[in-house]
Visitor: 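Submitted below is the structure of interest, expressed as structure tokens.
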Amino acid sequence: MTTTQTTAAAVRPVELRAVTRRHGTGEQAVTALDGVSTSFAAGTMTAVMGPSGSGKSTLLHCAAGIDRPTAGEVLIGGTELGALDENALTLLRRERVGFVFQEFNLVSALSAAQNVELPLRLAGRRPAPDEVAAALTAVGLADRGAHRPSELSGGQRQRVAIARAMITRPAVLFADEPTGALDTRASRAVLGLLRDLVDGRGQTVVMVTHDPAAAAHADRVVLLADGRLVDELPGAEGAEAIAARTAALEVRP
Ligand code: ADP
Ligand code: MG
């Protein structure tokens with residue numbers, strides 16, 4: 001890679017070029033994503049919004065290499081995912097991408113600390129001393145490492161999931177409705193944590209949310225409708241402005 005390419009990849013950890021994802025064929029075909037082109041700048045937080053079924057999860061899954069586009073290209077750190085075989089894609093996903101789900105997806109039989117170190121174990125790495133403790137401390141759970149998920153609140157579980165996603169120092173952290181299952185207070189803590197990762201560590205975060213107040217934490221809000229990017233605005237415009245734009249999409253014919 002030339003220096004210019006390296007720099008471009010660092011500045012744009014994720015890039016989508018005319019990404020289309022279709023499910024099924026013929027009469028049954030559904031176009032979940034329809035020619036989406038965008039990129040997510042390093043050290044920024046982007047909120048992805050849009051009506052139910054507009055393609056938000058599909059966008060995240062394609063951008064994270066969890067799902068493969070029907071057409072178009074996805075680049076992570078300058079690597080085009082379509083060129084990778086399943087093994088290479090699995091490795092890239094494991095090492096360069098963090099993903100957080102609405103339902104946390106922690107392993108219930110493992111402690112919080114064991115959940116956090118799981119991605120390292122899967123990669124055949126032994127965690128460095130204090131690595132897991134530091135990750136738990138960073139999400140405010142220094143004293144909860146020995147607890148099972150069932151012994152933690154929803155907000156605490158999601159923070160464990162974020163620590164687990166961050167342990168490999170991914171180029172980008174994706175979160176699909178990370179506060180969707182949380183009450184207002186726990187949501188605020190999780191959003192504050194994501195914002196701190198961006199501001200304090202230069203983490204790149206892309207988050208799907210239905211909540212305009214959550215989206216207001218982002219630097220940039222992109223709006224999807226029918227699989228297309230139809231609008232965007234700065235998160236700094238605030239929850240009311242974001243709510244007005246999303247409401248306009250809901251009533252589209
Ligand atoms: P959102 O996250 O915005 O609610 P999704 O990305 O989950 O939307 O879905 C976008 C569209 O694609 C919806 O119409 C959905 O029904 C369809 N879809 C998603 N996954 C599949 C699938 N595996 N098979 C068929 N249709 C799908
Ligand atoms: Mg979804």
Side-chain angles (χ1 to χ4, degrees), residues 13-14 38 40-41 43-67 76 93-94 96-108 112 115-116 118-119 135-141 144 147 149-150 152-224 235 239 242-243 246:
V14 187
T38 191
F40 303 111
T44 67
M45 182 171 179
T46 304
V48 179
M49 301 189 80
S52 183
S54 59
K56 303 180 297 296
S57 292
T58 306
L59 171 65
L60 245 63
H61 294 164
C62 286
I66 293 173
D67 193 4
I76 294 182
R93 222 169 31 221
R94 199 182 274 161
R96 308 295 293 144
V97 175
F99 209 103
V100 174
F101 302 87
Q102 178 172 339
E103 298 299 340
F104 325 130
N105 291 11
L106 298 176
V107 181
S108 58
N115 268 282
V116 171
L118 200 55
L136 283 167
T137 302
V139 299
L141 295 174
R144 293 289 189 277
H147 288 58
S150 62
L152 300 171
S153 70
Q156 289 172 334
R157 287 182 211 180
Q158 193 59 296
R159 286 187 277 145
V160 172
I162 291 168
R164 182 179 61 178
M166 288 294 298
I167 196 82
T168 57
R169 302 178 186 276
V172 54
L173 177 65
F174 293 103
D176 195 350
E177 304 199 36
T179 62
L182 304 179
D183 62 32
T184 308
R185 208 173 132 198
S187 293
R188 219 175 282 142
V190 163
L191 291 164
L193 173 58
L194 293 174
R195 190 67 244 179
D196 285 348
L197 292 173
V198 175
D199 295 337
R201 300 196 202 180
Q203 182 63 43
T204 306
V205 173
V206 183
M207 165 184 78
V208 169
T209 182
H210 278 297
D211 178 6
H217 287 75
D219 300 294
R220 173 181 173 225
V221 183
V222 299
L223 304 182
L224 272 178
I242 295 166
T246 54

Visitor: To the nearest 0.5 Å, how far apart are NE2 in His217 and CG in Asp196?
Guide: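 These two atoms lie 9.5 Å from each other.
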Visitor: Could you tell me whether the side chain of Val160 reaches within less than 4.5 Å of the side chain of Val139, counting heavy atoms only?
Guide: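 They are not in side-chain contact.
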Visitor: Are Arg220 and Thr38 close enough that a side-chain donor and a side-chain acceptor fall under 3.5 Å?
Guide: yes
Visitor: Would you indicate whether the side-chain heavy atoms of Val172 and Phe40 approach each other to under 4.5 Å?
Guide: no
Visitor: Please examine the side chains of Gln203 and Pro170, heavy atoms only from C-beta on, and report whether any two atoms are closer than 4.5 Å.
Guide: yes
Visitor: Over all heavy atoms of both residues, which pair between Leu106 and Arg157 is shortest? Give the atoms and the distance, please.
Guide: CD1-O, 3.6 Å
Visitor: Donor-acceptor check, side chain of Lys56 to backbone of Met207, threshold 3.5 angstrom: yes or no?
Guide: no
Visitor: Could you tell me which non-hydrogen atom of Ala216 sits nearest to which non-hydrogen atom of Ala239, and how far apart they are?
Guide: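 Shortest heavy-atom contact: CB-N, 3.9 Å.
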Visitor: Which atoms form the tightest heavy-atom contact between Ala186 and Gly155, and what is the distance?
Guide: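 In this case the closest contact between Ala186 and Gly155 is CB-CA, 3.9 Å.
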Visitor: Roughly how far apart are Leu194 CG and Met45 CE, rounded to 0.5 Å?
Guide: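 Leu194 atom CG to Met45 atom CE measures 5.0 Å (nearest 0.5 Å).
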Visitor: Does any non-hydrogen side-chain atom of Val48 lie less than 4.5 Å from one of Leu59?
Guide: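 Counting from C-beta outward, Leu59 and Val48 do come under 4.5 Å.
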Visitor: Is Gln158 reaching over with its side chain to a backbone N or O of Ser187, donor-acceptor style, under 3.5 angstrom?
Guide: no
Visitor: Can you name the side-chain hydrogen bond (donor to acceptor under 3.5 Å, both in side chains) partners of Arg195, sequence neighbours left out?
Guide: Asp199, Asp219
Visitor: Show the nearest heavy-atom pair for residues Ala135 and Ile167, with the distance to one decimal.
Guide: CB-CD1, 3.7 Å
Visitor: Looking at every non-hydrogen atom in both residues, tell me the closest pair between Val97 and Ala64 and how far apart they are.
Guide: CG1-CB, 3.9 Å
Visitor: Side-chain atoms of residues 174-182: list all donor-acceptor pairs with protein atoms under 3.5 Å, sequence neighbours left out, distances to 0.1 Å.
Guide:
unit_1: Asp176; atom_1: OD2; unit_2: Ser57; atom_2: OG; d: 2.6
unit_1: Glu177; atom_1: OE2; unit_2: His210; atom_2: NE2; d: 3.4

Visitor: Step by step, work out the side chain to side chain contact (heavy atoms under 4.5 Å, CB included) result for Leu173 and Leu197.
Guide: CA-CA 10 Å; Leu173 177 65; Leu197 292 173; 4.1 Å; yes
Visitor: By the side chain to side chain donor-acceptor pair (under 3.5 Å) test, which pairs, at least two apart or in different chains, include something from residues 159-170?
Guide: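 Sorted result for residues 159-170: empty, none.
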Visitor: Search all heavy atoms of Leu136 against all heavy atoms of Ala112 and return the closest pair with its distance.
Guide: CD2-CB, 4.5 Å
